[in-house]
A.B. asks: 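Got a structure here, written out as structure tokens. Questions coming.
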Protein chains: 2
Amino acid sequence: MGKQVTEMLKGTLEGIVLAILSGRPAYGYEITAWLRDQGFSDIAEGTVYALLVRIEQRGLVDVEKVPSEKGPPRKVYSLNAQGREHLEEFWRTWSFLTERLEQLREGGN
Amino acid sequence: MGKQVTEMLKGTLEGIVLAILSGRPAYGYEITAWLRDQGFSDIAEGTVYALLVRIEQRGLVDVEKVPSEKGPPRKVYSLNAQGREHLEEFWRTWSFLTERLEQLREGGN
DNA sequence: TTCACTATTCAGCGTTACTATGTACCAGTA
DNA sequence: TACTGGTACATAGTAACGCTGAATAGTGAA
């Protein structure tokens, strides 16, 4: 992936994952695959796992170990109340940014 | 400023500054003031100057020293051809991100 | 001469995503 | 049995970027 995307993902990827989890519980491998499907072609697995550990430590998600038919047990994450709050805060910040940038884009050309 | 914004600005702030410079040449102090006006309330001065040094070293801007009436000489930056290219690339990346997030936002609730 | 505003610079830090690698579990197959 | 490939998670080390905090320097007004 371009370096540009990499930098832009900082702070955003967390919101993306929280948004995914707000729809349904999911586990790391699944999330990674989904992101790649969506065009985040070279998202590193390690990145997602590290992020999940982070948001778990911050208490934004609940975790449940679920046995898998095809490999080691899955760690299924689901958004809890605190996570939902954090997600809303993320959307507010995101909106602020997009508004500023939209203005710039229009005015700038 | 919230930590969330701080992280989200990574990669984005550069695009913002390039977009500003695409409209008109500007110098660091001016850019910082403008950003604060636009709601990036706690943008650190050091941040903008460091960014300007970076994009100058990458050859995205041309620099001219202009004497100021009210202080030390200003370093006025203007976007060159390479910078314009980079800015377009930034908009493409930004569009990609916003599209993904817009989808998530709609589907997620 | 002191203060406030303008203007730039830099060292050190924390956070985040990437790279690279390792572990482990299971199914199919030769 | 041994090998391969897909599933699933974990982590140490690195680079990039924005922030903190402070220093430096020029100008004009109190």
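By convention in this document, chain letters (A, B, ...) are assigned in the order of the sequence lines, proteins followed by strands, and residues within each chain are numbered from 1. The structure displayed is predicted, hence computed values, not measured ones.
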A.B. asks: Of the options C:dG14, C:dT16, C:dT6, whose atoms approach the side-chain atoms of A:R54 most closely?
C.D. replies: C:dT16

A.B. asks: Name the one of A:L35, A:T47, A:T32, A:L13 that satisfies side chain to side chain contact (heavy atoms under 4.5 Å, CB included) with A:F40?
C.D. replies: A:L35

A.B. asks: I'd like to know if the side chain of B:Y49 and the backbone of B:Y29 have a donor-acceptor N/O pair within less than 3.5 Å.
C.D. replies: yes

A.B. asks: Can you find a side-chain donor-acceptor pair between B:R105 and A:S95 that sits under 3.5 Å?
C.D. replies: yes

A.B. asks: Just checking B:T47: base, sugar-phosphate only, or nothing, at a heavy-atom cut-off of under 4.0 Å?
C.D. replies: base

A.B. asks: Take atom CG of B:L52 and atom C1' of D:dC19, then tell me their distance rounded to the nearest Å.
C.D. replies: 16 Å

A.B. asks: Mapping A:G46 and A:K70 to their closest nucleotides on DNA chain C, which lands nearer the 5' end?
C.D. replies: A:G46

A.B. asks: Closest heavy-atom contact between B:G59 and B:Q82?
C.D. replies: O-OE1, 3.4 Å

A.B. asks: Please report the distance, rounded to the nearest Å, between CZ in B:R58 and C1' in D:dA16.
C.D. replies: 9 Å

A.B. asks: Over how many whole Å does the gap from A:E7 atom CD to C:dG14 atom P extend?
C.D. replies: 19 Å

A.B. asks: How many Å lie between CD on B:E64 and P on C:dA7, as a whole number?
C.D. replies: 15 Å

A.B. asks: Using a 4.0 Å heavy-atom cut-off across all strands, classify A:G28 as base, sugar-phosphate, or nothing.
C.D. replies: sugar-phosphate

A.B. asks: Which residue lies toward the 5' end of DNA chain C, A:P72 or A:T12, if each is placed at its nearest nucleotide?
C.D. replies: A:T12

A.B. asks: Rounding to an integer number of Å, can you tell me how far B:L9 CG sits from D:dG18 C1'?
C.D. replies: 8 Å

A.B. asks: Could you tell me the separation between the CD atom of A:E45 and the C1' atom of C:dA17, rounded to a whole number of Å?
C.D. replies: 14 Å

A.B. asks: So which nucleotide from C:dT19, D:dC19, D:dG18 ends up closest to the side chain of B:L51?
C.D. replies: D:dG18

A.B. asks: For A:E56, is there an ion pair with A:K75 - N to carboxylate O distance below 4.0 angstrom?
C.D. replies: yes

A.B. asks: Counting heavy atoms from C-beta on, name the nucleotide in D:dT7, C:dT6, D:dC19 closest to the side chain of B:T6.
C.D. replies: D:dC19

A.B. asks: Whole angstrom is fine here: how far is it from OH in A:Y29 over to C1' in D:dA8?
C.D. replies: 7 Å

A.B. asks: Of all the nucleotides listed (C:dT8, D:dT7, C:dT6), which has the minimum atom distance to the side chain of A:S68?
C.D. replies: D:dT7

A.B. asks: Of the listed nucleotides (C:dC18, C:dT8, D:dA8), which one gets closest to any side-chain atom of A:I43?
C.D. replies: C:dC18

A.B. asks: If I take atom CZ in residue A:R36 and atom C1' in nucleotide D:dA8, what distance separates them, rounded to the nearest angstrom?
C.D. replies: 13 Å

A.B. asks: Starting the side chain at C-beta, find the nucleotide from D:dT7, C:dT9, C:dC18 nearest to B:Y49.
C.D. replies: C:dT9

A.B. asks: Identify which nucleotide among D:dC9, C:dC25, C:dT8 has an atom closest to any side-chain atom of B:K75, counting heavy atoms from C-beta outward.
C.D. replies: C:dT8

A.B. asks: Is there a path of hydrophobic side-chain contacts, each under 4.5 Å between heavy atoms of I/L/V/M/F/W/Y residues, joining A:V63 to A:I31?
C.D. replies: yes

A.B. asks: Could you tell me whether the phosphate oxygens of D:dC19, OP1 or OP2, come under 4.0 Å of any side-chain nitrogen or oxygen in B:K10?
C.D. replies: no

A.B. asks: Using a 4.0 Å heavy-atom cut-off, does A:G11 contact any base of the nucleic acid, only the sugar-phosphate backbone, or nothing at all?
C.D. replies: sugar-phosphate

